[in-house]
Structure formats: structure tokens, C-alpha cells
Amino acid sequence: MTFRRVFVIDLGAMGIGESPDANRFDSVGADSLGQIDNAMPDRLTLPTLTQLGLGNLRHKNPLKHVTEVEKPLGFFGQIRPANENNAFASGIRESWDLTSEGRTTSAFDYLAIRHEQVLLASPLISYLSNQASTKRLLVHRNQEALQLLAAEIGEGNYRLSYFQLPEFQQDYNTATAAELGDLLMVFDSQLELIMQVMKRSDLLLITANHSVNPENPDQMTREYLPLFAYSPALKGGKALGIKKSLSDLGATVLENFDFAGLGPGTSFLSELK
């Protein structure tokens with residue numbers, strides 16, 4: 001099925017365990033989410049993400065405070081970066097760039113050119129899009145982005161809305177692992193409210209674009225990133241497995257708006273059923 005509106009929440013630097021090529025990036029044993037979990041003994045509670053399948057992603061390496069659920073509400077998977085340099089913002093480029101008519105542009109720009117309304121809320125506005133027809137909003141705090149998301153769900157002006165949570169981005173984050181856990185719990189509680197007001201024709205995608213050692217924000221790590229999909233129209237979820245490139249996210253969004261095959265990556269839209 002396809003969806004009238006797609007909302008994407010980007011958690012920034014939120015790795016969930018070393019990727020197969022971690023040794024090439026000095027990241028053997030890296031586990032950002034695990035560090036956050038360990039830094040918050042008996043305090044990390046993420047009921048909404050748990051229901052979406054966060055604990056199910058970690059069945060081989062369970063978290064202390066996030067359990068598996070038998071019947072997840074969402075579709076859950078892991079997505080791994082394919083870029084070669086692992087630099088900050090490489091993941092964003094990989095997720096959304098494509099080559100069109102001999103030049104490199106972004107999926108955001110392409111949708112805007114084709115008259116699909118696009119909203120971008122991010123601390124990196126100048127980087128994401130050059131199209132005047134794309135609505136771009138600068139946000140400095142997670143709360144700002146989530147308030148915009150809640151408002152947009154109610155107003156329904158845009159077909160694709162992309163929200164980066166600034167306090168999880170490497171260049172904006174000065175929080176400790178425990179403080180990141182607190183931010184995650186606040187996000188989790190607000191996510192529940194957002195899911196409650198979504199329409200049946202809406203699709204919510206949650207992921208991240210890079211990973212960083214929570215106790216050393218200057219150290220990029222090479223990790224799997226989380227991937228969740230939820231819609232009130234989809235009753236129950238299942239595992240999406242491992243996606244081999246962040247470009248699968250952009251490919252899925254493009255296919256939803258009838259632009260399949262325009263860029264790299266493999267869409268997982270058909271798996272959401």
C-alpha cells in the first residue's frame with residue numbers, strides 16, 4: 001500500500017551496535033545504545049519504542065532495560081551505512097541524494113520539483129535542500145522539532161516531512177550517555193502522543209543517520225542504525241531484517257510517491273503489509 005503523507009524522524013547519532021565493517025573504522029565493540037542503557041541502571045524506560053520493536057532488534061545482545069515484545073506495533077529493522085568515509089553528514093547524503101539528468105540532487109529536491117510539498121525541520125537547513133519550493137525550518141532543540149511534527153500531523157500541509165532531532169546530532173550534542181538516555185525517554189513519551197493522532201493514511205519512519213561514541217562525541221563509530229515504520233493502518237508489525245544501505249530509506253519514500261527506481265537503494269515499501 002501507499003500513504004498520503006510520510007513523516008520521517010531522524011535521531012541523528014543513535015547507533016545500535018557494531019556493523020560488519022566496524023574493524024575498518026576502529027569501531028569493534030561499538031554500541032551507542034548499549035552505552036546509554038548501561039549508564040542508566042534501573043532508569044531507562046522506553047515503552048513506546050519497546051512496543052515498536054526496539055528490544056526485538058537486540059535479541060542477540062539484549063539491553064538491560066528494554067525487552068522484546070511478542071506482538072510489536074511497528075515494523076523494525078537495522079540499516080547499515082554503505083558510505084566509505086563514515087564522516088558526519090555522509091549518512092544524510094547516502095539517505096537522500098540521487099543522480100538525476102546528469103547531476104546530483106536530493107530526493108527532497110526531486111519531490112519538490114515534481115510538486116510534492118516537502119517540509120524539512122533541521123539544524124542543517126542550508127545543507128539539506130536548495131529548492132525554494134521546499135519549506136525549510138531551522139530548529140535547535142528536540143522539543144521544537146517534535147512540536148512542529150505534532151502540528152503538521154494536525155494541519156496536513158505537506159506530503160513528506162523530515163524532522164531531525166538536534167540534540168542527538170553529533171555537532172550539537174554535548175550530553176553524556178545518561179543525559180542522552182533522559183532525552184530518549186522524553187522523546188519516547190512524545191512519540192506515543194504523536195502516534196495516537198496519526199491518520200490511517202500516514203506513515204511514520206524513524207531512523208538515524210550516523211553513530212558516535214556517547215562518551216566521546218568526537219569519535220565517529222561504525223554501527224547499525226535503527227529503522228522503524230508505523231502506521232495506524234498497519235495492524236501489527238514484523239521484522240524488516242537488515243538493510244544494506246541508508247539509501248533504502250530514500251528509495252522507499254520515492255516509491256511511495258510513485259517515483260520508484262529514480263535513485264540508489266532498495267525500497268522496503270512492499271514489506272509494510
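No hydrogens, no waters, no symmetry mates; every other heavy atom, side chains included, goes into these values.
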Full working for salt bridge (Lys or Arg N to Asp or Glu O under 4.0 Å) between D42 and K64: CA-CA 8 Å; D42 303 321; K64 295 179 180 178; over 6 Å; no
If you apply the rule side-chain contact (heavy atoms from CB on, under 4.5 Å), what do you find for F259 with E116, and how did you get there? CA-CA 11 Å; F259 303 132; E116 300 288 352; 4.1 Å; yes
Assess whether side-chain contact (heavy atoms from CB on, under 4.5 Å) is satisfied between F168 and N142, documenting all intermediate values. CA-CA 8 Å; F168 293 134; N142 293 357; 3.6 Å; yes
Pair R80, E94 - check salt bridge (Lys or Arg N to Asp or Glu O under 4.0 Å), show working. CA-CA 11 Å; R80 56 176 290 193; E94 184 181 329; over 6 Å; no
Test log, rule side-chain contact (heavy atoms from CB on, under 4.5 Å), inputs L149 and Y162: CA-CA 9 Å; L149 171 55; Y162 174 68; over 6 Å; no
Chi angles and distances behind the side-chain contact (heavy atoms from CB on, under 4.5 Å) call for V253, L160: CA-CA 8 Å; V253 171; L160 171 63; 3.9 Å; yes
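Taken together through direct or relayed side-chain contacts under 4.5 Å among Ile, Leu, Val, Met, Phe, Trp and Tyr, L184 and L193 form parts of separate hydrophobic clusters. In terms of hydrophobic clustering, with Ile, Leu, Val, Met, Phe, Trp and Tyr side chains grouped at heavy-atom distances under 4.5 Å, F25 and M14 are assigned to different clusters. Under the 4.5 Å side-chain heavy-atom criterion for grouping Ile, Leu, Val, Met, Phe, Trp and Tyr, V186 is not connected to F163 through any hydrophobic cluster. Linking ILVMFWY side-chain heavy atoms closer than 4.5 Å, directly or via other members, places Y224 and V66 in a single hydrophobic cluster. In the hydrophobic cluster analysis, where Ile, Leu, Val, Met, Phe, Trp and Tyr join through side-chain heavy atoms closer than 4.5 angstrom, I16 is grouped apart from V28.
In terms of modelled atom types and a separation under 3.5 Å, the side chain of E152 and the main chain of S161 share no donor-acceptor contact. Remark: the backbone N or O of V212 is paired with a side-chain donor or acceptor of S32 at under 3.5 angstrom. A donor-acceptor contact shorter than 3.5 Å links the side chain of N38 to the backbone of G34. Under the 3.5 Å distance criterion, the side-chain polar atoms of E144 are left unmatched by any main-chain donor or acceptor of V139.
Residues M195 and L204 are in side-chain contact: their nearest non-hydrogen atoms beyond the backbone lie under 4.5 Å apart. Taking 4.5 Å as the limit, every side-chain heavy atom of R141 sits out of range of all side-chain heavy atoms of P166. Contact of the F3 side chain with the L234 side chain is registered, since non-hydrogen atoms from C-beta on lie closer than 4.5 Å. In this structure, the side chains of S95 and I92 stay at 4.5 Å or more apart for every pair of heavy atoms. Using a 4.5 Å heavy-atom cutoff, the side chains of L165 and I9 are in contact. Counting heavy atoms from C-beta outward, T252 and T266 have side chains that stay 4.5 Å or more apart. Two residues are said to be in side-chain contact when any heavy atoms from C-beta on lie closer than 4.5 Å; V69 and N56 meet this criterion. Counting heavy atoms from C-beta outward, F257 and R159 have side chains that approach closer than 4.5 Å.
N83 CG to S245 OG: the interatomic distance, rounded to the nearest 0.5 Å, is 8.5 Å. With values rounded to the nearest 0.5 angstrom, T221 atom OG1 is found 8.0 Å from Q35 atom CD. Of the inter-residue distances, the one linking L249 atom CG with L227 atom CG reads 7.0 Å to the nearest 0.5 angstrom. The line from CZ of R58 to OG1 of T67 is 13.0 Å long, rounded to the nearest 0.5 Å. Note that CZ of F76 is 8.0 Å distant from CG of L240, once rounded to the nearest 0.5 Å. The CG atom of D31 sits 7.0 Å away from atom CG of L63, with the distance rounded to the nearest 0.5 Å.
Minimum interatomic distance between A251 and P264 (heavy atoms only, all atoms of both residues): CB-O, 3.7 Å. Considering every non-hydrogen atom in both G154 and K199, the closest pair reads O-NZ, 4.3 Å. In terms of heavy atoms, H210 sits closest to L225 at O-CD2, 3.4 Å. Closest approach of R200 to S231, counting heavy atoms only: O-OG, 3.4 Å. Of all heavy-atom pairs between P62 and K60, the closest is CD-C, 3.7 Å. What you find for L246 and N209 is that their closest heavy atoms are CD1-O, 3.9 Å.
Open room surrounds NZ on K244; 12 or fewer heavy atoms of other groups in view lie less than 6.0 Å from it. Counting non-hydrogen atoms of other residues, nucleotides and ligands closer than 6.0 Å to CG of D26 gives a total of 12 or fewer.
A centroid separation of 6.0 Å or more is found between the aromatic rings of F75 and Y230.
A donor-acceptor contact closer than 3.5 angstrom is absent between the side chains of S27 and E223. Q143 and E167 form no side-chain donor-acceptor contact under 3.5 Å, judged by distance and modelled atom types alone.
Tested against R5 for a side-chain hydrogen bond (donor to acceptor under 3.5 Å, both in side chains), the candidates D202, N256, N157 yield a single pass: D202.
Listed by chain and number, the residues in a salt bridge (Lys or Arg N to Asp or Glu O under 4.0 Å) with D188 amount to none (sequence neighbours excluded).
Ion pairing between a basic and an acidic side chain is recognised when a charged N comes within 4.0 Å of a carboxylate O; D21 and R222 show such pairing.
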